[in-house]
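Below is one structure, written out as structure tokens, with a few remarks after it.
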Amino acid sequence: MTRHFLAVPAALLVALAGCTPAQPSDPTPTSVSSAPQSSLGPVPEGLEDFYTQSIEWSACGSDMRCTDVEVPIDYDNPAGARATIRVKQLVSAGEDAPALFLNPGGPGGSGVQTMDYVTHMTTEELRAAYNVTGFDPRGVNESSPAVSCFTDAERDADRAKDMPTETDADLDALAASVREYGKQCAEKTGEILNFVDTRSAARDLDVLRAVVASSETLDYLGFSYGTYLGATYAELFPKNTGHLVLDGAIDPTTSLHEVSLGQAKGFDRAIRAYVEDCQAGADCPLRGDVDAGIDQLDRFFRSLGTNPLPTSDPDRPLTRPLGFMGVITPLYSQESWPQLTMALDQAMSEGDGSMLLFMADLMADRESDGTYSTNSDEAFTAINCLDFQPSGDREQWRADVQELAEASALFGPELGYGDLMCEAWPAKARYERGELHAVGSAPILVIGTMGDPATPYEWSEALADQLENGYLLTYEGEGHTAYSATNGCVADFVDAFFLDDELPEADATCEDRGAW
């Protein structure tokens with residue numbers, strides 16, 4: 001299964017820097033339990049057992065504690081099977097301090113794993129006021145049951161596989177491959193494969209608010225896909241919103257093709273910015289001007305299709321899909337551009353694909369021993385294909401690919417045929433996408449980065465405009481998402497919102513990240 005959306009978990013950026021409902025009932029909680037709920041706020045009828053459950057914490061690292069929270073797999077049938085959501089919390093502000101929930105993106109990114117980097121991602125001031133709390137959304141990583149499709153060896157082989165899409169026979173083969181993959185996922189995962197959609201995850205988040213935070217309102221920091229989860233939560237539970245910050249936003253009205261088109265344009269901007277920067281240095285393997293450098297990269301990718309490069313692992317040559325991901329990955333963070341230059345020089349000048357393979361493995365959470373630390377790739381497809389209604393036919397999809405190629409000759413075609421893939425997927429979307437207004441919510445801070453390749457700035461503008469109480473902060477810089485402990489200007493705005501209820505003025509802008 002090839003990735004067709006690229007909203008990388010924010011934790012990867014730290015690693016790189018170091019190297020309207022359809023048929024189902026509306027889930028908005030309109031009827032509530034008659035039992036008094038004190039600090040929990042209203043409890044949706046039939047879900048009392050979930051909202052009032054007791055949890056037990058266990059130590060799981062320095063100043064860290066973990067627990068599992070039960071949720072119904074199907075909220076329309078809460079008496080049915082249950083799932084558990086894994087939670088990991090940094091107790092930095094005291095046991096009774098408020099919880100700040102964090103989602104790193106994806107979809108499929110592990111909030112539990114992200115807690116390993118939480119001191120780099122958040123400021124000391126924020127951690128002194130809140131216990132930052134990561135969680136694995138339903139179907140992800142340590143939550144159970146988790147989406148499971150491949151063995152580690154099968155994932156290696158799938159990620160390296162190059163499937164052409166030029167002919168009808170090629171598309172038949174691609175659809176057959178997706179159907180077989182989906183069948184295997186359904187057999188290994190079970191019922192929850194039909195319920196890993198974002199609406200269900202947002203309902204889980206409200207259970208976490210009540211059970212883990214013991215609060216009437218949710219405080220939340222979401223990156224990339226995490227902005228869609230947070231905005232969906234605000235739409236379903238506007239009266240339960242506390243402080244929500246959505247960094248690197250996704251426009252909830254986008255179709256599968258529109259997501260791909262926006263990212264094709266975004267990554268084209270990013271690669272051009274990178275090539276220009278690379279060519280200003282002494283060791284850039286891309287010669288001439290920017291267009292010439294892009295042409296060299298295009299020829300390099302094409303060569304990998306027929307002649308994969310050897311790597312430090314004799315069993316894993318650098319194929320075209322792996323090379324593609326090896327270049328895409330460091331484009332998420334400007335601070336990783338020097339590593340990309342070294343990797344390209346090694347591959348293009350020395351015929352060694354080892355560094356590009358390493359970067360591709362970072363994206364997939366593959367460890368050096370051949371194991372995968374998360375199920376991010378598998379959860380990614382499962383969640384996306386429940387969040388988007390596929391549309392069109394082969395004629396339309398080919399026209400879409402042509403539009404993608406016009407937006408980015410280098411990256412556009414790689415992002416095509418998402419509708420075909422989700423049409424072949426066994427679990428079907430139950431909801432239509434549309435604008436999210438969160439009428440009656442507390443203020444919500446949306447952050448957009450002008451040079452963001454994965455979630456283009458226009459998407460943040462769109463979400464902030466849709467939200468009744470949305471406020472936009474603009475970061476004039478490169479890379480995916482903006483908030484971190486070291487991005488002083490953005491961090492000051494975010495901390496002022498979380499700690500002092502201060503919102504940025506209209507047209508507020510940050511121009512640089514400061515020291516990294």
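Hydrogens, waters and symmetry mates are skipped; everything else that's a heavy atom, side chains included, is used.
The side-chain heavy atoms of Asp172 and Arg394, taken from C-beta on, include a pair separated by under 4.5 Å. Between Leu261 and Leu404 the shortest side-chain heavy-atom distance falls below 4.5 Å. Between Gln346 and Met342 the shortest side-chain heavy-atom distance does not fall below 4.5 Å. Looking at Arg316 and Arg159, their side chains come closer than 4.5 Å, going by heavy atoms from C-beta outward. For the pair Ile250/Val259, no side-chain contact is recorded, criterion being any heavy-atom separation below 4.5 Å from C-beta on.
For residues 288-363, no residue pair satisfies the disulfide bond (SG atoms under 2.5 Å apart) rule, not counting sequence neighbours. Pairs passing the disulfide bond (SG atoms under 2.5 Å apart) check and including a residue from residues 347-381, sequence neighbours excluded, do not occur. Residue pairs meeting the disulfide bond (SG atoms under 2.5 Å apart) criterion with at least one member in residues 276-341, sequence neighbours excluded: Cys278-Cys284. Evaluation of the salt bridge (charged side-chain N to carboxylate O under 4.0 Å, His left out) test over residues 287-296, restricted to residues two or more places apart or in two chains, returns Arg272-Asp291. Within the structure, salt bridge (charged side-chain N to carboxylate O under 4.0 Å, His left out) contacts touching residues 449-461 (residues at least two apart or in different chains) do not occur. A disulfide bond (SG atoms under 2.5 Å apart) check over residues 358-406, counting only residues at least two apart or in different chains, returns the pairs Cys385-Cys422. The stretch residues 318-330 participates, sequence neighbours left out, in these salt bridge (charged side-chain N to carboxylate O under 4.0 Å, His left out) pairs: Asp162-Arg320, Arg320-Glu414.
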Verdict with supporting geometry, Asp251 and Thr253, side-chain hydrogen bond (donor to acceptor under 3.5 Å, both in side chains): CA-CA 6 Å; Asp251 179 355; Thr253 68; 2.9 Å; yes

- request: Dump the intermediate steps for side-chain contact (heavy atoms from CB on, under 4.5 Å) on Lys161 and Ser177, then the final yes or no.
  value: CA-CA 11 Å; Lys161 183 169 56 178; Ser177 177; 3.7 Å; yes

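Looking at Asp168 and Arg398, a side-chain N of the basic residue comes within less than 4.0 Å of a carboxylate O on the acidic one, giving a salt bridge.
Asn384 and Thr381 are not linked by any side-chain donor-acceptor pair at a separation below 3.5 angstrom, with hydrogens and angles left out of the test.
Within a 6.0 Å radius of CD in Glu395, other residues, nucleotides and ligands contribute 12 heavy atoms or fewer. The neighbour count for Glu468 CD, taken as heavy atoms of other residues, nucleotides or ligands under 6.0 Å away, is above 12. Heavy-atom neighbours of Lys183 NZ from other residues, nucleotides or ligands within 6.0 Å: at or below the threshold of 12. Atom CG of Asp507 is surrounded by 12 or fewer heavy atoms from other residues, nucleotides or ligands within 6.0 Å.
A donor-acceptor contact shorter than 3.5 Å is absent between the side chain of Trp459 and the backbone of Pro252. With hydrogens and angles disregarded, no donor-acceptor distance shorter than 3.5 Å links the side chain of Thr227 to the backbone of Asp247. Distance alone, capped at 3.5 Å, places no donor-acceptor pair between the Asp377 side chain and the Ala364 backbone. The main-chain N or O of Tyr475 is never found under 3.5 Å from a side-chain atom of Thr449 such that the two would form a donor-acceptor pair. Side chain of Asp197 to main chain of Leu386: no donor-acceptor pair is present (N/O by atom type, distance under 3.5 Å, no hydrogens or angles). At distances below 3.5 Å, not a single donor-acceptor pair connects side-chain atoms of Ser333 with backbone N or O atoms of Pro330. Under the 3.5 Å distance criterion, the side-chain polar atoms of Thr114 are matched with a main-chain donor or acceptor of Ser110. Formation of a donor-acceptor pair under 3.5 Å by the Asp136 side chain with backbone atoms of Gly111 is found in this model. Side-chain N or O atoms of Thr189 include one that pairs as donor or acceptor with a backbone N or O of Ser148 at under 3.5 Å.
Separation of the Phe493 and Tyr483 ring centroids does not fall under the 6.0 Å cut-off. Aromatic rings from Tyr181 and Phe150 are positioned such that their centres are separated by under 6.0 Å. Proximity of the aromatic rings of Phe324 and Phe300 is defined here by a centroid distance below 6.0 angstrom, and this criterion is not met.
The side-chain hydrogen bond (donor to acceptor under 3.5 Å, both in side chains) search around Asp298 returns Arg302, not counting sequence neighbours. Every residue two or more places apart in sequence or in another chain that forms a side-chain hydrogen bond (donor to acceptor under 3.5 Å, both in side chains) with Asp156 is listed here: Arg366, Tyr372. With sequence neighbours excluded, the residues satisfying side-chain hydrogen bond (donor to acceptor under 3.5 Å, both in side chains) with Glu258 are Ser255. Partners of Asp204 by salt bridge (charged side-chain N to carboxylate O under 4.0 Å, His left out), not counting sequence neighbours, listed by chain and number: Arg138. By the side-chain hydrogen bond (donor to acceptor under 3.5 Å, both in side chains) test, Asp315 is found to be paired with no residue, residues two or more places apart in sequence or in another chain being considered.
A cation-pi geometry, defined here as NZ or CZ lying under 6.0 Å from the six-membered ring centre and within 45° of its normal, holds between Arg433 and Tyr228.
Note that OH of Tyr431 is 11.0 Å distant from OG1 of Thr232, once rounded to the nearest 0.5 Å. One finds the CE atom of Met363 at 4.0 Å from the OH atom of Tyr332 (value rounded to the nearest 0.5 Å).
Just one residue in the list Leu463, Leu246, Asn469 forms a side-chain contact (heavy atoms from CB on, under 4.5 Å) with Ile444, and that residue is Leu246.
In terms of heavy atoms, Phe411 sits closest to Asp268 at CD1-N, 4.2 Å.
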